[in-house]
Structure formats: C-alpha cells, structure tokens
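To start, the structure under review is shown below, and the notes come after it.
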Amino acid sequence: MQTRREATIIGAPLDLGAGRRGVDMGPSAIRYAGLDDRIGGLGYAYEDRGNVGTAVAEAIDAGDEHARFLPQIKETCRHIADVVADAARKGATPIVLGGDHSVGLGTLGGLQQVHGPGGVIWLDAHGDLNSPETSPSGNVHGMVLAAGLGLAGERFRGEGWDLPALVPSRVALVGVRSLDDGERKLLQELDARVFTMSDVDRLGVERAIRESLTHVAGPGFVHISLDMDVLDPDVAPGVGTPVRGGLSYREAHLAMELISESGLATSLDVVEVNPILDRENDTAKLAVELVASALGARIL
Ligand SMILES: [Mn+2]
C-alpha cells in the first residue's frame, strides 16, 4: 500500500539577514496565496507548524556590522532546525517559508542533524557565498551557502547542528547573475557545479537542472533552496534583492518539474518573498505554484 505523502510547513518570518525590510511578511503572503489547498490538492497530508519566533530589528542591536544580527538569526534558525529535523525523522517533506535566505541555515542544520551532511541545489540570482570578512553589506542572507559549507567561520555553528552541513562536492548553483569578488574567488576553489544565467541561456534549463541533480545526488539529503529572486523581476517583482535577467515563468516551472521527476529532493526552502514590493501578491502566488510543481503538479 502506498503511504500518503506528507508535507510539513514551517513559516520563518525573519528579515534580520536582509538589508531591506518586508520579507518578514513572506510566510503570510504565501499562505494567503493558497498554499494549503494547492498542496492538499496534490494528495499530500498537509501539516502547518505555524511560524517560528523572530526578533524585531528595531528592538535589538545589530551587533557586529560584518555579520549583522547573527546571534538572533541563529536563535531563529535553531527553532527552524528543530521542526525540520522532526519532519525529516517522520519522513515528511519539510517546506520552509522565508523570510530572508538566512533561514536556510536552519533548514540545512535540521537536515544535517538527522542525515549528516548532504547536497543542495541553490536557485538564486546571487551566490550567497560571502563570509563576514568578504561581505560588502554584512547581511547574513548573503553568507548562508558559505555557512552551510562551513566556510563562513565557526560562528555559524549552531546549537544542534554541525558544520559543514553540506558535502562540499554536492553543491549546485543555478540562475546566478550577481556575484561579489570574494564569491568569485571562492567558487574557483569549490567543486560546485555553477550554471549562471548565461549558461542557462546557452544550455537550457533542462540540462542545467539534470546535471545539477546528478552533481548533488547522494546519501543523506538533497535539499532545494529556492530564492524567488532567481526569477526575472518581471514575473517575480516582490523579492528582497531583485536582479534583472532571471529565469522566466516557464523556465522556473520546468526546473521544479524536473526536480520532482527525479524523486531526489527531500526538502524545500522558498525564500525572499517581499509583499511590500510585490504587485497584488503575484510573487507569493508564483511561489505557491512553484512549490506545487516541485511536489509533483503536472499539466496533464
Ligand atoms: Mn539567496
């Protein structure tokens, strides 16, 4: 008998890792866009675990300007990690709704706790590969992937998770089009598979995703971290840090469909939805559709 598949939703209204406020409303916007019905309609048992607690920027001190609000971000990530680990142990698919991309440290931490280090496909306009030493802004959401790899320093180690949470050779970046100097340098040393937007233009999204899946597959987990800014701002205007020239509506759907077909993905983050900058919640609606495609929604 086929057991019913299960999706566990975790809201993470965190904006301390981003320079711009608004992404704290992301989980609300995505739920409002009908996530429960859409996932339930695919035959999943749907469990919403509510939101994890977050600190408020105005009420606390940013601390070290090279890694602003890091202690508070780690505190939120500890709660995310707990719920993600709980879901992963049950065999459910954890889906974390951001919030800025620093919530990804919590997801990776929870997965690492259960499975040991795994692989990730990072769909993003940016590399998120800075460290406090290289970051021009000091915003932690630009350091998360480096942190997961254990390359942003010991300070990113959390209560309950070890670093690296990722196997260094099991990382793929897709849709990148804005990198800082320090990130470019790091990528030259990393065994990561990188498909810039220019590569996606030339090779097509199908090849980019298939090769990424092959690169990140392996024991433990395969996590999909979807930063909505990987999409072109024409179709996803409501994101924290928009960059022109991103994935089209169909390219993003195809990426998620291929990921679903592979059967490899164990978990998903959907981050950086910013309702303040959005048009009539379009970006949150698109986020819901992309989650559905990742979970197996088909046209026919
Ligand atoms: Mn990102």
Side-chain angles (χ1 to χ4, degrees), residues 12-24 26-27 30 67-70 73 76-77 80 95-109 120-132 134-149 151-152 156 165-166 171-180 182-184 186-187 190 192-197 200 212 216 223-233 236-247 252 255-256 267-274 277 283-284 286-287 290-291 294:
L14 182 76
D15 66 359
L16 298 176
R20 207 177 208 172
R21 305 297 303 279
V23 289
D24 54 322
I30 296 170
R68 305 172 72 246
F69 302 111
L70 183 57
I73 290 168
T76 292
C77 284
I80 298 169
I95 301 173
V96 175
L97 313 177
D100 71 68
H101 215 155
S102 59
V103 306
L105 184 62
T107 318
L108 291 174
V120 71
I121 299 184
W122 205 264
L123 295 128
D124 204 309
H126 310 89
D128 296 350
L129 282 166
N130 273 300
S131 66
T134 67
S135 169
S137 67
N139 290 333
V140 170
H141 72 160
M143 310 178 193
V144 214
L145 183 51
L149 283 160
L151 299 173
F156 287 84
L166 293 163
V171 173
L173 271 95
V174 179
V176 202
R177 52 197 186 276
S178 171
L179 290 170
D180 296 318
E183 297 182 299
R184 275 198 202 93
L186 185 60
L187 276 173
L190 278 181
R193 202 73 178 83
V194 185
F195 293 94
T196 65
M197 269 319 292
V200 172
S212 295
V216 307
H223 178 55
I224 308 300
S225 207
L226 172 63
D227 189 321
M228 288 299 286
D229 74 20
V230 76
L231 284 127
D232 195 274
V239 296
T241 325
V243 187
R244 289 177 68 171
L247 295 183
M256 293 300 126
S267 43
L268 178 66
D269 289 333
V270 190
V271 302
E272 301 282 354
V273 170
N274 188 334
L277 304 176
T283 306
L286 179 52
L290 291 174
V291 172

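Note that these values count all heavy atoms, side chains included, but never hydrogens, waters or copies made by symmetry. Quick caveat, the model's predicted, so the values are computed rather than measured. Start at 1 and go down the list; that is how both ligands and their atoms are numbered.
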Quiz item: Taking both backbone and side chain into account, is any N, O or S atom of His126 nearer than 2.8 Å to the Mn ion (ligand 1)?
Solution: no
Quiz item: Is Glu272 close to Asp124 at the side-chain level, that is, under 4.5 Å between some pair of heavy atoms?
Solution: no
Practice problem: Over all heavy atoms of both residues, which pair between Asp180 and Pro136 is shortest? Give the atoms and the distance, please. | Solution: OD2-CD, 3.7 Å
Quiz item: Can you give the angle Asp227 OD2 - the Mn ion (ligand 1) - His101 ND1, rounded to 10°?
Solution: 90°
Self-check item: Nearest atoms (heavy-atom pairs only) where Val230 meets Arg177
Solution: O-NH1, 3.2 Å
Quiz item: Any side-chain heavy-atom pair from Asp100 and Val140 closer than 4.5 angstrom?
Solution: no
Quiz item: Taking both backbone and side chain into account, is any N, O or S atom of Asp124 nearer than 2.8 Å to the Mn ion (ligand 1)?
Solution: yes
Quiz prompt | side chain to side chain contact (heavy atoms under 4.5 Å, CB included), paired with Leu145, selected from Val120, Leu190, Asn130 | solution = Val120
Exercise. Confirm or rule out an N/O/S atom of Asp229, from backbone or side chain, lying less than 2.8 Å from the Mn ion (ligand 1).
Key: no
Exercise. Please name the atom of Asp128, restricted to N, O or S, that is closest to the Mn ion (ligand 1).
Key: OD2
